[in-house]
Engineer: 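Before I ask anything, here is the structure I am working with.
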Amino acid sequence: MHHHQLTCIIIRRAGMMLLVATFLAASTIHASPPTPSPNSYTLALHKALMFFNAQRSGKLSDHNHVLWRGDSCLTDGKPSTAGSPTSDLVGGYYDAGNSIKFNFPASFAMTMLSWSVIEYNAKYEAAEELTHIKDVIKWGTDYFLKTFNNSADTIDRIVSQVGLGNTDGGKDTTPNDINCWMRPEDIDYTRPVTECHACSDLAAEMAASLAAASIVFKDNRTYSKKLVHGAKALFKFSRDSRGHYSSGSSDAALFYNSTSYWDEYVWASTWLYYATGNSSYLQLATTPALAKHATFSQAPNQYWPNHGVLSWDNKLVGAQVLLTRLRLFLNPGYPYETTLRRFHNETNTIMCSYLPAFTIFNRTRGGLIQLNRGHLRRPRPLEYVVNAAFLATVYSDYLEAADSTKPAGLHCGPNFFSVDVLRDFAKTQIDYILGRNPQKMSYVVGFGNHFPKQVHHRGASIPKKKIKYSCKGGWKWRGSLKPNPYTIVGAMVAGPDKHDGFHDVRANYNYTEPTLVGNAGLVAALVALSGDRTTDGIDKNTMFSAIPPMFPTPPPPPPSASKA
Ligand SMILES: *[C@@H]1O[C@H](CO)[C@@H](O)[C@H](O)[C@H]1NC(C)=O
Ligand SMILES: *[C@@H]1O[C@H](CO)[C@@H](O)[C@H](O)[C@H]1NC(C)=O
Ligand SMILES: *[C@@H]1O[C@H](CO)[C@@H](O)[C@H](O)[C@H]1NC(C)=O
Ligand SMILES: *[C@@H]1O[C@H](CO)[C@@H](O)[C@H](O)[C@H]1NC(C)=O
Ligand SMILES: *[C@@H]1O[C@H](CO)[C@@H](O)[C@H](O)[C@H]1NC(C)=O
Ligand SMILES: *[C@@H]1O[C@H](CO)[C@@H](O)[C@H](O)[C@H]1NC(C)=O
Ligand SMILES: *[C@@H]1O[C@H](CO)[C@@H](O)[C@H](O)[C@H]1NC(C)=O
């Protein structure tokens, strides 16, 4: 029943796209001007990864390489609430310009980084960043393991957040991570711990994150097993205690309001399948009802406004690309084929929608695709763009690797587009971010010679001198019109407005604030585009290393038969 409905709707949508394809077919693709060399993507990658070092909370190693940062928030989780398994919450990452630790976006950021490592191990190695990125991921996963009872098979709570922002529109004067402007190293106010007891979206994203990381760390069996164990417990919790982690007027609802948990169900069960090889997770991921709920999260028959756009809120398209990977490379057939074929088709449709030949999404005059259709809390275009650039690139690589006998590409209605067109989409978007835009400005701090100087970031904007600025005393630095005293290398800011305009003003977070999720997508897109794909292409097999052979090979003939 559900199954049938989904088929109809997808076909109807595909029909709509076909129409669009027919009328708007590709005549507007300009001959692309020379693009930055793969080396500049590698250079940007080195920088983009450094942002994670700048966001670290807790006790830093001597090799953190961000000289203006030091140890901070060493008492997070203390004193612990009675009965809480989580009294040590030291570590993890600050979300953005503030110092809140939000598990929801942070775990999505780590999932994206792990995905990029599993595919592009060889490119990270060629860029001499493999150790670094694994270290970045482990800093995140080690912290997530502290936020629930990771020795239990069954859990009933997760710490969703440490630190607090304005839940009352700024009227609350209790010092916190938003109404104070302080270096994290100087924080002297209380950082409350938020726990959730029914948070399917958060628990599933954390499960995805630990499952993906277990593949990254598969060479360390102890750690990898611990991650898988945690992922299973989180996912079970996510399924058993249904609820939204961001309900009511919590900080979570204000900053990262999750629309639905159905997309996280598809995404997490896909990752759990890859991490464990247990086909019950694949069965769940390909259950038509899940994808249907994830597609039409609110009103029936109405597409979720950000359908086809991968973000901290919506992971369905990410799961569809991952499952299309399975169909292209392992082709498991019955009973998964019906849904996998549909996901493959839907993935193609979404990839087509990114191409400049179509007007599914608007673009700025300077060419930046507008994927955030105004439904989400803030403009911040770039964090959506980098994810689309990553998906387009990795999908191009899949198509090429799947069948080397044919020219690789996809059909959008009657038109065939080679994978180069899809890669060009990714390149033009990333090139825009790196400086090929009307402002001639790089939106990645420290890359190129013109980049934002007033990044909305507490640590980078307050001079680290002998003076310790108080909660309110630090606000003069927030409002200062001078450049930040420290260059927060690699931070990708929120980005320009829909007219390619940009105001390099610290107080305006809509332009100048970086985030973990933004940089995770950037890192993933950059590594995908970097280096040489003929020598260091995607790794087809590591993703599937836990999956038993699909079609068991027949046993060898008995010795007597071979003698005869
Ligand atoms: C964590 O789970 C283990 C195993 O179920 C249990 O023995 C332990 O008491 C739990 N810890 C806390 C603090 O609840
Ligand atoms: C495996 O990971 C654990 C947990 O981080 C670590 O303590 C251990 O040293 C690692 N083992 C190896 C062989 O790298
Ligand atoms: C968060 O999302 C829920 C449903 O998705 C909605 O009802 C609620 O109003 C949103 N909250 C905020 C603060 O935007
Ligand atoms: C696969 O996962 C399901 C659901 O978690 C579980 O019930 C089952 O025992 C697992 N099967 C194996 C072979 O581990
Ligand atoms: C998706 O499937 C529909 C129905 O079979 C087909 O008409 C359409 O061309 C397909 N779309 C893509 C992009 O493959
Ligand atoms: C494109 O821009 C127009 C005008 O601002 C707007 O009405 C429309 O909703 C946008 N379309 C999309 C898909 O974002
Ligand atoms: C940022 O954008 C939001 C949403 O458009 C808007 O409500 C808010 O006032 C803007 N903030 C600033 C500082 O401009």
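Remember, it's 1-based here, ligands and their atoms both numbered in the order they're listed.
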Engineer: With no hydrogens and no angle check, just 3.5 Å: does a side-chain donor-acceptor pair link Asp251 and Gln161?
Structural biologist: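 Note: Asp251 and Gln161 side chains meet the donor-acceptor criterion.
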Engineer: For atom 5 (O) of ligand 3, which of the options Asp251, Thr259, Leu254 provides the nearest non-hydrogen atom?
Structural biologist: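 Nearest heavy atom to atom 5 (O) of ligand 3 lies in Thr259.
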Engineer: Thinking salt bridges, do Glu513 and Arg380 make one under a 4.0 Å N-O criterion?
Structural biologist: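 Salt bridge present between Glu513 and Arg380.
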Engineer: Quick test of your reading of the model: are Lys236 and Asp153 salt-bridged, counting only N-O distances below 4.0 Å?
Structural biologist: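 A salt bridge is absent here (no side-chain N lies under 4.0 Å from a carboxylate O).
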Engineer: More than 12 foreign heavy atoms under 6.0 Å from CZ of Arg365: is that the case here?
Structural biologist: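 No, CZ of Arg365 has 12 or fewer neighbouring heavy atoms, counting only those of other groups under 6.0 Å.
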Engineer: What are the atoms of ligand 7, with element, lying closer than 4.0 Å to any heavy atom of Asn510?
Structural biologist: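 Reading through ligand 7 atom by atom, the close ones are 1 (C), 2 (O), 3 (C), 8 (C), 10 (C), 11 (N), 12 (C), 14 (O).
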Engineer: For ligand 3, find out whether one of its N or O atoms is nearer than 3.5 Å to an N or O atom of Ser246.
Structural biologist: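 N/O-N/O distance below 3.5 Å does not exist for this pair.
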